[in-house]
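Values below: every heavy atom of this structure, side chains too, minus hydrogens, waters and symmetry copies.
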Amino acid sequence: MTAPASAREALALVCDDFTELPAAEGPSAGDGPIGWPGYDRTRAAAAARSGESESVVCGTGTVGGTRTVLVSFEFGFLGGSIGEGTGARIAAAHAHARTHRLPVTVLLATGGSRMHEGMRALVQLQRLAGESARTRAAGLPQLAVLRDPTTGGGWATLGAGSDVVLALPGAQVGFAGSRVRPPDADPAAYTAASQLAHGHVDAVVPAEELRGVLGRWLSLLTRPAEGRVPPPYALGATAPAASGREAVARARRPERPRADRYLAEVFTERAELSGDRAGGTDPGTRCGFGRLPDGRTAAYAAQCGTATRPAGFRTAARLVRLADRLGIPVLTLIDTPGAANDAAAERAGAGPAIAELFGAVAEARVPVTALLVGEGGSGGALALAAPGNTWATPDSYFSVIAPELAAAILKRPPEEADETADRLRLRPEDLVALGVVRGVVGARPPAGPGG
């Protein structure tokens, strides 16, 4: 299936039905707000060529069973450029979304602000940012689909400012359009694939899969679960560790259940966020939203057993803040030897990234449940812990610092690391006694005769 070329083709690609909203205002008289010579004729020619009277088509539609406000850009109308008429239509669409409590989905294809209207066009970006902020404050999700091209102010407001950003393969995506870049610029940097690799896009989705993926996201983000997410049952060892050294060894076993197994146990389906929106991704941190067996949604942030990179902490903070705004409870899975401590991590802001996540969890109004499923290495693990609602599996440990590092700091020989592990009182049962975790989870009870 080829990528949609027009606004209405894009709508047909994702919608089960669509009802257009009335245009917020008609075209400006004459040659526009700055009297651009021939602008009136240029608009008329664009309308005849594209069949549209402005660069956006706005309305409501159903995508995968969820009603949403849709804003679809018509690139054939002056390159999908944003002018006063565009701003008025999008502002009206956001107002409709807030009145009717609907999510907003934007199908972008734009070259940026409309030169023919000068600064009156550019200030529409502030207008769009304001509308987006009001919709955000209303607790409504905003999703963007990046078509080819998505550049300039449209990318920097409606695209990059959305909660979830999907892109079609091969789409040109970047603030700088192709005609205004430095002559030696690498064209690969201005692509959907590059934006995904650098943490600015959540997924690149083939056209034939877009309706299903977008529908899944809309469904998940609009059906929050009520109350706390119960901590998952233990999937690994259930007997208590005899000592601190055994607890550490058990948590470090390669065959121990990891985050993916726990997520598969908790959720019937999932959709994942990707990237910290600051230039980074961390494959060792999984963040997203999942459907619980009752059909409702919980958010999750899970460490996968590796040292967590700054991008991982920032992505988790992004997840927690989004879930909090949408009223969706959060489950975190803790499993890391600690925060990455190499030079690259320091340059990427390990400290500020951890602080950001601590703040997001502390400020969350929705309930957060945390389960320690493996290694709990110092502050890099504690950042995902829920104050007063953290649990542990029997094959885990939590420590102020790794036993080997503790021995080194205390200037003890490496062979004393095992003894140090015992002294740190890091076993799950010790953590309960210390008041650090609420309890140790057990295995799922066997099903009774009725199922």
Side-chain angles (χ1 to χ4, degrees), residues 3-15 18-28 32-33 39 42-61 63 68-98 102-117 120-132 134-135 142-162 165-168 171 173 177 210 214:
S6 71
R8 294 186 190 273
E9 285 178 359
L11 290 166
L13 182 66
V14 301
C15 288
F18 178 73
T19 303
E20 191 167 352
L21 293 171
E25 66 179 46
S28 58
Y39 180 37
T42 300
R43 278 201 315 270
R49 197 166 46 243
S50 66
E52 304 295 347
S53 59
E54 234 328 322
S55 61
V56 287
V57 176
C58 301
T60 60
V63 181
T68 179
V69 165
L70 291 125
V71 175
S72 188
F73 275 71
E74 175 55 64
F75 193 77
F77 190 99
L78 300 181
S81 57
I82 298 171
E84 287 188 308
T86 319
R89 290 191 181 191
I90 297 175
H94 271 270
H96 186 89
R98 293 192 294 270
L102 296 175
V104 175
T105 302
V106 183
L107 310 174
L108 279 153
T110 173
S113 299
R114 191 171 301 169
M115 293 181 299
H116 311 75
E117 297 183 13
R120 290 281 288 274
L122 189 66
V123 296
Q124 297 306 308
L125 303 184
Q126 292 177 319
R127 183 180 190 179
L128 300 183
E131 291 296 334
S132 180
R134 284 184 278 278
T135 300
Q142 299 175 68
L143 299 91
V145 175
L146 313 181
R147 295 152 54 207
D148 184 38
T150 298
T151 60
W155 164 232
T157 51
L158 300 173
S162 292
V165 183
L166 309 175
L168 290 171
V173 180
L210 184 59
L214 187 58

Write down the atom of [X], the atom of [Y], and the distance for their closest heavy-atom approach.
X: Ala97; Y: Val104; answer: CB-CG2, 3.5 Å
X: Cys58; Y: Glu20; answer: O-CG, 3.4 Å
X: Gly83; Y: Ala121; answer: CA-CB, 4.3 Å
X: Arg89; Y: Val56; answer: NH1-O, 3.0 Å
X: Cys15; Y: Val63; answer: SG-CG2, 4.2 Å
X: Leu21; Y: Ala93; answer: CD1-CA, 4.1 Å

Kindly say whether [Y] contributes a backbone atom to a donor-acceptor pair with the side chain of [X] at under 3.5 angstrom?
X: Gln124; Y: Arg120; value: yes
X: Glu52; Y: Glu74; value: no
X: Ser132; Y: Leu128; value: no
X: Ser162; Y: Leu158; value: yes

Exercise. Picking from Thr60, Thr68, Thr135, what satisfies side chain to side chain contact (heavy atoms under 4.5 Å, CB included) with Leu102?
Worked result: Thr60
Problem set entry | Option from Thr105, Val106, Leu143 for which side chain to side chain contact (heavy atoms under 4.5 Å, CB included) with Leu70 holds | Thr105
Report yes if the side chains of [X] and [Y] come closer than 4.5 Å at any heavy-atom pair, otherwise no.
X: Phe73; Y: Ile90; answer: yes
X: Phe75; Y: Thr150; answer: no
X: Leu108; Y: Pro149; answer: no
X: Arg114; Y: Ser55; answer: yes
X: Leu210; Y: Leu13; answer: yes
X: Glu131; Y: Gln126; answer: no
X: Thr110; Y: Thr151; answer: no

Problem set entry | Worked verdict on Arg134 versus His94 for side-chain contact (heavy atoms from CB on, under 4.5 Å) | CA-CA 8 Å; Arg134 284 184 278 278; His94 271 270; over 6 Å; no
For this session: List in chain and number order the residues that pass side chain to side chain contact (heavy atoms under 4.5 Å, CB included) with Ser72, two or more places apart in sequence or in another chain; answer none if no residue qualifies.
Result: Ala7, Ala10, Leu11, Leu107, Arg147
Exercise. Please walk me through it: do Leu168 and Leu146 pass side-chain contact (heavy atoms from CB on, under 4.5 Å)?
Worked result: CA-CA 6 Å; Leu168 290 171; Leu146 313 181; over 6 Å; no
